[in-house]
A.B. asks: 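Just dropping this structure here.
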2 protein chains.
Amino acid sequence: MGTEQSSDVVAADRPLRIGEVARQTGVTPRTLRYWEEIGLLEPAAYRESGERLYSPAERDRVLHIRELQDLLGLTLAEIQDVLASEDTVERARRAARADAPTLKRLQLLSDAIEANRRLVERINDRLQRVIEFRDECIERGNRMAARRAELESQLSRAGKG
Amino acid sequence: MGTEQSSDVVAADRPLRIGEVARQTGVTPRTLRYWEEIGLLEPAAYRESGERLYSPAERDRVLHIRELQDLLGLTLAEIQDVLASEDTVERARRAARADAPTLKRLQLLSDAIEANRRLVERINDRLQRVIEFRDECIERGNRMAARRAELESQLSRAGKG
DNA sequence: CCTACCGTTGACGTTAACGTAAGACTTGGA
DNA sequence: TCCAAGTCTTACGTTAACGTCAACGGTAGG
């Protein structure tokens, strides 16, 4: 019943330097510093020298941010909102570990659920519109294909006759 | 059996001035001029004075461009590609009206179909990833909801006992 | 024909989201 | 201890996609 400590293998949650996070996520150190500058992503800690130290949680957050950016096309400002909502989840989690009263925990959890619901709704709206757009494209494709078939049969009749 | 001409009602395809197109589509005149500058959208004609004249076709194209921008988050450069593909469709249509040989028309049509297919594929890729992302969000929501239910039942038992 | 818009062409300004470069300091391994 | 590689801050540069302003000319309705 040892703890999860094992110092001879690379600790799974050893602090990451900025370059490591960058390599693991595909963003540049500059981007991480910029995100910090605008209050989007804080390092887990700093060394006395000023060097930034990240934990795997932050690395995951980087990936999350990139998805919100690339997939949903949100601006960093919008992403801040979304993350602020999601942080409610984190607060709820912390409250769970601490000795927070059940009622308080319920409240936080409900907030988090609500924030999540709004995000899903937002995504669904977007999905709906993209699907409609795609279907229009498919429709056009079908009409063109039909027209092509028509032309082809014309051509074959001409070849026969 | 008159033609579709009727000059006493507002002609459906009367040339539109830049401000009209702007109002009808929600973009600014500046944006239309910019799109023209980068070769994204040409007016149907110019007056001698230099004033731009658009037809309903261009107005529709504006809406189309905005959808590609907002919904799919494409850059104007990417949109140029997409539109170039779609213009193949237009060329095929023109060839159909003209006395182009059936074989030529078939070729153009096939190109258009292929371009459309690639666009649909692209959209589907995006859709797939967005759906996965949404489902992850929903999953998280479900876990939180379950946790909340747990807390609630805890609370009610405490209230009873 | 007059007037109130509408439009034109420059040309410079703006915002988001970083890139890049300089100069100094840290860190980690041989 | 030493050196290469990494990191720090500061600050200016860049790109896309327009916004804004000035100075000027065209358009349309009464």
A.B. asks: Applying a strict under-4.5 Å side-chain criterion to I, L, V, M, F, W and Y, I'd like to know whether A/Val130 and A/Ile138 cluster together.
C.D. replies: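 A/Val130 does not cluster with A/Ile138.
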
A.B. asks: With distance as the sole criterion, do the side chain of B/Arg30 and the base of D/dT20 form a donor-acceptor contact below 3.5 Å?
C.D. replies: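 Side chain to base: pair present.
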
A.B. asks: Between A/Arg33 (CZ) and D/dT7 (C1'), how many Å, whole number?
C.D. replies: 6 Å

A.B. asks: How is A/Glu78 classified with respect to the nucleic acid when contacts are heavy atoms under 4.0 Å: base, sugar-phosphate, or nothing?
C.D. replies: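 Contact class for A/Glu78: none.
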
A.B. asks: Give a yes or no on whether a salt bridge exists between B/Glu20 and B/Arg23, defined as a side-chain N under 4.0 angstrom from a carboxylate O.
C.D. replies: no

A.B. asks: Considering heavy-atom distances to DNA chain D, does B/Gln69 or A/Tyr46 have its closest nucleotide positioned more toward the 5' end?
C.D. replies: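 It is A/Tyr46 whose nearest nucleotide is closer to the 5' end.
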
A.B. asks: Could you check how far CD of A/Glu37 sits from C1' of D/dT10, rounded to whole Å?
C.D. replies: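 From A/Glu37 CD to D/dT10 C1': 11 Å.
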
A.B. asks: Quick one: CG on A/Leu41 to CD on A/Gln80, what's the gap to the nearest 0.5 Å?
C.D. replies: 10.5 Å

A.B. asks: Given that B/Trp35 and B/Arg17 both sit by DNA chain D, which one's nearest nucleotide is further toward the 5' end?
C.D. replies: B/Trp35

A.B. asks: May I ask you to say what B/Arg47 touches in the nucleic acid, namely base, sugar-phosphate or nothing, with a heavy-atom cut-off under 4.0 Å?
C.D. replies: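 The residue B/Arg47 makes sugar-phosphate contact but no base contact.
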
A.B. asks: Could you list where the contact with chain A starts and ends along DNA chain C, reading 5' to 3', using a 4.0 Å heavy-atom cut-off?
C.D. replies: C/dA17 to C/dG28

A.B. asks: Verify, without hydrogens or angle tests, whether B/Thr31 (side chain) and B/Val27 (backbone) share a donor-acceptor contact under 3.5 angstrom.
C.D. replies: no

A.B. asks: Output the pairing pattern of DNA chain C as a dot-bracket string, 5' first, Watson-Crick or G-U wobble with both distances under 3.5 Å, | for cross-strand pairs, [ ] for crossing pairs.
C.D. replies: ||||||||||||||||||||||||||||||

A.B. asks: In whole angstrom, what separates A/Ile18's CD1 from D/dC8's P?
C.D. replies: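 So the CD1-P distance, A/Ile18 to D/dC8, works out to 5 Å.
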
A.B. asks: Whether the side chain of B/Glu78 engages the backbone of B/Thr75 through a donor-acceptor N/O pair (distance < 3.5 Å, no angle test) should be reported.
C.D. replies: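 Yes, B/Glu78 side chain to B/Thr75 backbone: donor-acceptor pair under 3.5 Å.
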
A.B. asks: Any side-chain N or O of B/Thr28 less than 4.0 Å from the OP1 or OP2 oxygen of D/dG19?
C.D. replies: yes

A.B. asks: Nearest heavy atom decides the nucleotide; on that basis, is A/Glu48 or B/Ser49 closer to the 5' end of DNA chain C?
C.D. replies: B/Ser49

A.B. asks: With sugar-phosphate meaning primed atoms plus P, OP1 and OP2, does A/Leu76 contact a base, only sugar-phosphate, or nothing at under 4.0 Å between heavy atoms?
C.D. replies: sugar-phosphate

A.B. asks: Rounded to the nearest 0.5 Å, what separates atom CG in A/Leu151 from atom CG in B/Leu106?
C.D. replies: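 Spacing of CG (A/Leu151) from CG (B/Leu106) equals 5.0 Å.
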
A.B. asks: Does a nitrogen or oxygen in the side chain of A/Arg52 sit under 4.0 Å from OP1 or OP2 of D/dC8?
C.D. replies: yes

A.B. asks: Test salt bridge (charged side-chain N to carboxylate O under 4.0 Å, His left out) on A/Glu132 and A/Arg129 and set out the steps.
C.D. replies: CA-CA 5 Å; A/Glu132 275 168 23; A/Arg129 281 161 52 208; over 6 Å; no

A.B. asks: Please tell me if the side chains of B/Arg52 and B/Arg47 come closer than 4.5 Å, counting only heavy atoms from C-beta onward.
C.D. replies: no

A.B. asks: Looking for any heavy atom pair under 4.0 Å, which part of the strands does A/Arg66 touch: base, sugar-phosphate only, or nothing?
C.D. replies: sugar-phosphate

A.B. asks: Rounded to the Å, how far apart are A/Leu53 CG and D/dC8 C1'?
C.D. replies: 13 Å

A.B. asks: Between CD of A/Glu152 and CG of B/Leu103, what distance do you get to the nearest 0.5 Å?
C.D. replies: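 Rounded to the nearest 0.5 Å, the CD-CG separation comes out at 10.0 Å.
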
